[in-house]
Protein chains: 2
Amino acid sequence: MTRPLDALFAPRSVAVVGASATRGTWGYQLATGALAGRRYRRVHLVNPRGGELDGTPFVPSLESLDEPADLVVVAVPPAAFCSIVDDALATGTRAVVGVTAGLPGPRVVEVAARVRAAGAVLLGPNCMGVFDAAANLRLLWGDLPSGDIALFTQSGNLALELGAIAGRGGLGLSRFASLGDAADVTAVELLAACVTHDATRSVALYLESLGDGRAFLAAASAVIDAGKPVALLAAGRSAVGARAARSHTGALASDRAVLASACRDVGIILVDTPTALVEATRVAALRRRPLSFGPGNRRRIGIVADGGGHGVIAADLAVGAGLDVVPFSAGLSARLAEGLPATAATTNPVDLAGAGEQDLFNYARIVAAVAASGEVDAVLLSGYFGAYGVDEPALADTEGQVADAIAAVEVPLFVHSMAPDSTTSLRLVERGVPVWRAVEHALAAIPTALRDPVRGAPVPSTGSPGGPDVRNALKRAGVRFARAQVVTTLAEARQAAVEVGYPVVLKVAGLAHKSDVGGVALDLGDEAALTRAWEAMAARLAAPAYTVEEMVATRDGVEMIVGARRDPSFGPVVLVGMGGVLAELLADTAVGLAPIDRVAALRLIESLRGSAVLDGLRGRVRVDTGALADVVAAASRVATDRPEVAELDLNPVLVTAEGAIALDLHVAEAA
Amino acid sequence: MTRPLDALFAPRSVAVVGASATRGTWGYQLATGALAGRRYRRVHLVNPRGGELDGTPFVPSLESLDEPADLVVVAVPPAAFCSIVDDALATGTRAVVGVTAGLPGPRVVEVAARVRAAGAVLLGPNCMGVFDAAANLRLLWGDLPSGDIALFTQSGNLALELGAIAGRGGLGLSRFASLGDAADVTAVELLAACVTHDATRSVALYLESLGDGRAFLAAASAVIDAGKPVALLAAGRSAVGARAARSHTGALASDRAVLASACRDVGIILVDTPTALVEATRVAALRRRPLSFGPGNRRRIGIVADGGGHGVIAADLAVGAGLDVVPFSAGLSARLAEGLPATAATTNPVDLAGAGEQDLFNYARIVAAVAASGEVDAVLLSGYFGAYGVDEPALADTEGQVADAIAAVEVPLFVHSMAPDSTTSLRLVERGVPVWRAVEHALAAIPTALRDPVRGAPVPSTGSPGGPDVRNALKRAGVRFARAQVVTTLAEARQAAVEVGYPVVLKVAGLAHKSDVGGVALDLGDEAALTRAWEAMAARLAAPAYTVEEMVATRDGVEMIVGARRDPSFGPVVLVGMGGVLAELLADTAVGLAPIDRVAALRLIESLRGSAVLDGLRGRVRVDTGALADVVAAASRVATDRPEVAELDLNPVLVTAEGAIALDLHVAEAA
């Protein structure tokens, strides 16, 4: 997957097949775009009906050229597409860009295979083109601003909006590719090529399907390790059109939750809107200077503003983004108060209360003091700074000096400025301080920028075929189950109850949501109770099989759910959550890519909102969280090893001070 | 509170006291602003040191003027402020704008009282000025764009940012006032005046404290009833610096939750960012035409886009905003499919798959079909529409005709366009269709725009002084408690247990979080068990009093929490939530302004994520939700009637099929 993509982004020559002199057509847009680069490469326009554009005559076919076109972009009706591609390959073309839409799926697969076999690459078909700023390559509808963001998208019109957003924000693209049907060149391949593409300092992706999620994460991880932030807008993972789940785990470990977890681990900035996608790339500025990142879980942010409004709004948004707006120590507050007016707020957020306006160096002094305090992991400066020199040109020089002083702090510094494109703001960016126009976009990017990605590329998902006996596999992996026997008659049930030991539980076998249908009878103390329960259940459900199980007292334990499912992009994923009907409704769950070990499982468990219950909240018994982590790790291994398991629920898993015991298992096999 | 504010926003004459010819000072900014309006009114510049600006000489004092200045804006050092105000009042000034900062609080109160006594109004002090577009009044730092939004803020620098955001978005302000210390003129008064201010079509507010929350809601409600949307950015209500809570209710019914609930009822659009505040005002366009709003809870939205990306992103955001992206019926999908390519998506969201580009009238046809289907309450069109005429001028005429056809639909229509300031987009706005540049801002405003506000202004909070016996008041209001007796000795406890009837519960009296300290012993079946529990508890806690209570079996019931607290802005508020340690951690609660009746209480209960448990989820017993609603209503009345109650917890309230019973009560009295 590391083919050179130079023919796609920096071809020696270009041919546009389907060129047109009629404004508003694809053939016209591509031809004018190609001609704009003719100072840098030969450009051929192909149209069998003849004609010319801007002094360049149309030639009838690719064969009639005096050289092979290195890149051929094809915008012809679907019926003509494949033969054009074959012509191109025959003449030695190394890259084909398929704009043509409406090709039948099997034809797309066939033509992609022929392109690959010829050692060439195919972008699309059904794509919106390709762009490379440094190579002056512009083969697309419309135009895009130049800059240092690599943009790859699965939607054409959205790419135009993203380009417009970048342009309005003073940003631009190093390269762009529209994926279309992605029959050959994929997002993963494009992403991987960014590692060594010097003109790219960050990557923005719009994807509706990730393809091989593990390969995607590995590629993103390599780009991030190369110092280039990766932001992802992944649409279509909301509840709309969600998968039909066949288990609790299936319902709780949503596609969105799995993606969010994977992105968090690898350090991809996951966003929800086109604007946030573009704006997230600004964190790349941080790489322009060495910074001191503290150890561990870095979330403490100090906020500085002149005027209360900006500070308070930033603080509210920071809390919403999961950052800690830590209270400052009395000592730090006292140091900040020196030289500030009595009306200033010297707690977090800091309000200079006009002192910034009176002497711009107060900004530098306060930012430096907060940054050097050891009490925060990062500083956010929000509001007017950057705009003083715009509103009052006499202040521009001083503001620039203050910017230099601010940029010298050693912790990561983020700025929201009312004038993000001012000389002062651009000076901050040059010195490694990202500057945003909207404070919410700063705060959307900061948490990921502060977090260390999990080291090591994600493990590819493998699965060795295994037998159907998932319960035994889980037992071998160390999961304890309540004693249970499968029975089909009342006589067998009575015998099983004696062996298991009264009191027992009677359950209908093989159903999820058993209690919904009255398929569970608890705490049957003797044979009479068992018989009554059997007769009632059999009359109602007429099920082929039941189980008689040990009755486990739940009073001193915490009910949890542990599960796994197979994600279409990421393969096996594991879930742990608070159990019980109510907790499930409230969906307090955490997910991770399987397999995971005990340490990673403990991290998932600790991320639950309700995890304090496990630690003995309010006079409760502290339960054995390590035993629960072992169950989670075991479930993740079993799900990984057995591709035939589509969904798996251990629900509930009762966790007590003595250990963890699974009270029920439900497995859905892949179709 | 309905004083005329014409002297503030449209004065007959203006004097600037503290005028200056030095650039970059407040005196200069105010004087140049005042002079910009001299075609419309007389302008006097006052500075005892003399000088002139732009041909207008400075006069030494207000007394030396040949007429009273109708409005006086004061930007002098704090020591001189009060005497200047007195001078102004003595000469007949009707409005004073105090820019001066740093006045001691008591002086501010005194001077405000003198202004009111003189029948005049005071804005500020410590404010950033006032602006009125129609009156050509500009007395502030910087400048603001003209338009139809009334903006009132508690932060000066933020107002400049809000003005810049509006200007960049093609919006502007009808009037603006900076509240400063709000010693006389308040946000409530300014808001109320918007009802009859014809140039104002929407209101944007930035507030850090609401003052009298009920009066604020009543004023906002009147503005909304007058057809003018109200948007609110209320900062400082996050967890940072939150109140120290003394009960579960205090912790769960956060300031933010109370505000969100109140805004939802009244129809105020509550936002988190400056950009969202400005953008929310665009819904005002809906009032330009009569629309058919369906009955009840309107959340069903149909989404139309050309190209998959925009539709899928909008759908994800719509789900996040609490809207229903309903699946379309087979019949509607079939109607949409006529004339669209086979690759089009005719479910919700609709993807025209290029058909919009090929024939712009397809946009009108599809939007009209979705709008008329009866399957949605509103339509969102997202993406390229509005930009065709910009990118290809030959298409502008056709696009305008399509806009007219689109705007004729009878359900509310919202548009996200890549060119929100194009001729086509402005035509949509003129015809009552709001158009946003960013789809997230459309979706932030839509839910409130579709919801009917609760009719009738909020009831003012009153409180008649009552006795301390809250338990008896709750009993009289119909709340059932478990039988209980207060005891101080083991002998009393034994006697009480006989009267209450074994099994009993022994609790330490008068503590919240009893179980945290081992202050609860459950299910004591006989005197021996009671004695053991007493001895253990007494040895550990040495408390002065205990209670012996009826043991209520919780197995077939659902534990809930009901509470009330006194909000600093809104007065008494009531809370209902899922009970139990875990549910509290997950904070599944709903709050409302007290008092509420049974019907409103049921609505709160139904809004809980876990409410399905009450209705008998998964084979559980359906419990008596009405009885729970009665407890909620009773708690809301008792809290309203007794201002001495700061916080009140009924926790847990056990709800069974037979009714609701409160198992514990904790009351915190106001200090």
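To find a chain, count down the sequence lines: A is the first, B the second, and so on, and within it residues start at 1.
- Per-residue counts of heavy-atom pairs under 4.5 Å with chain B were compared for A:R23, A:Q154, A:E357; the largest is that of A:R23.
- At distances below 3.5 Å, not a single donor-acceptor pair connects side-chain atoms of B:N157 with backbone N or O atoms of A:G309.
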Quick one, A:L158 with B:Y384, criterion side-chain contact (heavy atoms from CB on, under 4.5 Å). Give me CA distance, side-chain angles, the key distance, then yes/no. CA-CA 9 Å; A:L158 192 76; B:Y384 210 154; over 6 Å; no
After noting the C-alpha distance and the side-chain angles of A:L233 and B:I313, does the key distance pass the side-chain contact (heavy atoms from CB on, under 4.5 Å) rule? CA-CA 9 Å; A:L233 174 56; B:I313 291 169; 3.5 Å; yes
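- If you tally non-hydrogen atom pairs under 4.5 Å between each of A:G307, A:A612, A:P341, A:G610 and chain B, the highest count goes to A:G610.
- Under the 4.5 Å side-chain criterion, counting only non-hydrogen atoms from C-beta, A:D316 is not in contact with B:D272.
- Using a 4.5 Å cut-off between heavy atoms, B:R168 contacts chain A through its side chain alone, with no backbone atom that close.
- Only the side chain of B:P274 comes within less than 4.5 Å of a heavy atom in chain A; its backbone stays farther off.
- To the nearest 0.5 Å, the span separating OG1 on B:T25 from CD on A:E392 amounts to 9.5 Å.
- Taking CG of A:D391 as the reference point, atom CD of B:Q29 lies at 8.0 Å (rounded to 0.5 Å).
- The parts of B:L160 that come within reach of chain A are both its backbone and its side chain, each placing non-hydrogen atoms under 4.5 angstrom from that chain.
- The shortest non-hydrogen separation linking B:E161 to A:H416 is OE2-NE2, 2.8 Å.
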